[in-house]
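Note sheet for the following structure.
All residue numbers refer to positions in the sequence shown, counting from 1. Note that ligands are numbered from 1 as they come in the structure, with each ligand's atoms numbered from 1 the same way. When reading the values below, keep in mind they use all heavy atoms of this one structure, side chains included, and skip hydrogens, waters and symmetry mates.
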Amino acid sequence: MRIDRINVYKIQLPVKGGTYRMASDDVDALDSTLVEIVADDGLTGWGETCPVGPVYQPHHALGARAAIAEIAPGLIGEEVASIRSLAKRMDERLDGHGYAKAAFDMAFLDLLGQRLGVPVSTLLGGALTDRVPSYYSLIVGRPDETAKIAADKVKSGYPRLQVKIAGRNLEEDVATVHKVWEAVGYKARIAVDGNRGLTAASAIHLDRLCQAIPFVFEQPCNTMDEAATLRGRVTHPVYLDENTEDQNVVLRAISLGIADGFGFKVTRLGGLTKMTTVRDLCAIRSLPHSCDDAWGGDIIAAACVHLAATVEPRRMEGAWIAQEYIEGHFDTKNPIVIEKGHIAVPQLPGLGIKPVPGIFGEPVATH
Ligand code: 0XW
Ligand code: MG
């Protein structure tokens, strides 16, 4: 099976229910890029990459499409059999830009899975479950309002909440964490996500002022060096998210012992194949992590869920997908949906997602 043609599409994903607020940015609509690889035997494979705006991390939608334009011509005619040789081919065309290469990696696995008649989770090492937990991400908001939504979401079945903080005064952040804890208690695990927005000093204050609440502190400060200074000065476990820019950073964070867990993003780590390496490193050190992406539709959601299914359940922090914030689905027959805070793992060959024909309009580029 050889690559015959690559179509690139873009689609706007407006945020359902109003602005999505984080310390690092407020977003109202996201620009997603889709790649469709058409093989010479007629099979098609899909990939997606969708930065959550241009300032969450050093990724942006136009950058993804520029990188895809550099890589795609070099893939035409290539055999889809060895994911490793396709990754090498991509590296020969462009250095770095893992978040664009991730879309191709998804599409290769989608094609290969269909060709072999197995779901992508099997290609990633094999599923340990057919249903993975998700978590609900509460945007930066007023303490009472946030606590009310938290209680509703736990009632609906979410086993974990992520409470966004930072970018405002410490008092409101502390009040929000307390109110959410009072509202849900031990019924859900809690992550408090600073999205790089706290100084080490505010992180230490928040830690002390919320001493008895069992949460994990997600990406409180901007850099990994700042996170390192928190070691021994905060009592809550510290997870890294935005700092995990590639496999090497994860290896460093683990070997330096400065992370108790991670919020992983499939496209940021360079795709599903590269994610299997950090997944396995985390397994060696019993480190929990999520399998998310920053945003995206059903293609990215499927990718996250296939990978999450291969993670030992006791260390699985959840697969966050953007479904709660997106109207509709790319695939209306087999969409990826959150039910009672969990997501069924697709059992169809490949990613298990076939976008409705024409749903993305005309391609913005064809190679
Ligand atoms: C909650 N998320 C997975 C969605 C947004 O992209 C931010 C992200 C996070 O954990 O930072
Ligand atoms: Mg995060």
Side-chain angles (χ1 to χ4, degrees), residues 13 15-32 48-61 64 99 102 132-141 146 149-150 153 158 160-167 173 188-198 203 215-224 227 236-245 249-250 253 259-269 275 288-297 300-301 303-305 307-308 316-326 336 338 341 343:
L13 299 173
V15 179
K16 188 169 86 176
T19 307
Y20 186 82
R21 279 190 303 278
M22 299 179 276
S24 48
D25 198 13
D26 289 354
V27 292
D28 293 293
L30 287 316
D31 180 342
S32 192
E48 184 178 11
T49 188
C50 183
V52 58
V55 298
Y56 173 70
Q57 54 193 45
H59 303 167
H60 65 127
Y99 72 109
V132 298
S134 186
Y135 64 89
Y136 190 83
S137 173
L138 296 148
I139 59 173
V140 177
T146 307
I149 303 170
K153 293 300 170 184
Y158 278 99
R160 186 181 194 254
L161 297 170
Q162 182 196 63
V163 185
K164 299 250 183 233
I165 55 149
D173 282 345
R189 285 171 297 123
I190 300 173
V192 173
D193 192 355
N195 284 116
R196 300 188 286 122
L198 297 179
F215 64 79
V216 300
F217 221 156
E218 183 172 328
Q219 194 68 53
C221 304
N222 188 27
T223 64
M224 210 159 87
H236 291 94
V238 174
Y239 283 25
L240 295 178
D241 180 355
E242 285 92 318
N243 290 156
T244 60
E245 282 166 12
V249 176
V250 177
D260 300 297
F262 297 97
F264 284 143
K265 306 287 178 277
V266 171
T267 55
R268 182 171 60 219
L269 264 303
M275 277 284 288
H289 62 85
S290 62
C291 292
D292 316 323
D293 219 308
W295 212 268
I300 279 186
C304 295
V305 171
L307 184 80
M316 168 65 340
E317 288 286 15
W320 182 89
I321 62 170
Q323 185 220 300
E324 291 267 18
Y325 297 97
I326 295 178
I336 304 294
I338 301 170
I343 309 169

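With no hydrogens or angles considered, no side-chain donor-acceptor pair links Glu317 and Ser290 at under 3.5 Å.
Residues Asp31 and Cys50 share a closest heavy-atom pair of O-SG, 3.8 Å.
Backbone or side-chain N, O or S atoms of Asp241 reach the Mg ion (ligand 2) at under 2.8 Å. The Mg ion (ligand 2) lies at 2.8 Å or more from every N, O or S atom belonging to Glu242.
With a heavy-atom cut-off of 4.0 Å, Phe264 does not touch ligand 1 at all. Neither the backbone nor the side chain of Gln219 comes within contact range of ligand 1; no heavy atom lies under 4.0 Å. Under 4.0 Å from ligand 1, the heavy atoms of Asp293 that appear belong solely to its backbone. Counting heavy atoms closer than 4.0 Å to ligand 1, residue Lys164 contributes side-chain atoms (C-beta onward) but none from N, CA, C or O. For Ala294, heavy-atom contacts with ligand 1 shorter than 4.0 Å involve the backbone as well as the side chain.
Salt-bridge check for Asp292 with Lys265: passed, with a basic side-chain N closer than 4.0 Å to an acidic carboxylate O.
Here Tyr56 and Trp295 keep their ring centres 6.0 angstrom or further from each other.
Each of Arg268, Glu245, Arg196, Glu242 was scored for a side-chain hydrogen bond (donor to acceptor under 3.5 Å, both in side chains) with Gln57, with one residue passing: Arg268.
In summary, the atoms of ligand 1 found under 4.0 Å from a heavy atom of Tyr20, numbered by their order in the structure, are 1 (C), 4 (C), 5 (C). Near Ser137, the atoms of ligand 1 lying under 4.0 angstrom from a non-hydrogen atom of the residue are 1 (C).
When hydrogens are left out, the protein atom nearest atom 11 (O) of ligand 1 is Tyr56 OH, 2.7 Å; that is the closest non-hydrogen contact. For atom 1 (C) of ligand 1, the closest heavy atom belonging to the protein is Gln162 OE1, 3.1 Å.
Considering backbone and side-chain N/O of Trp320, none are found under 3.5 Å from N/O of ligand 1.
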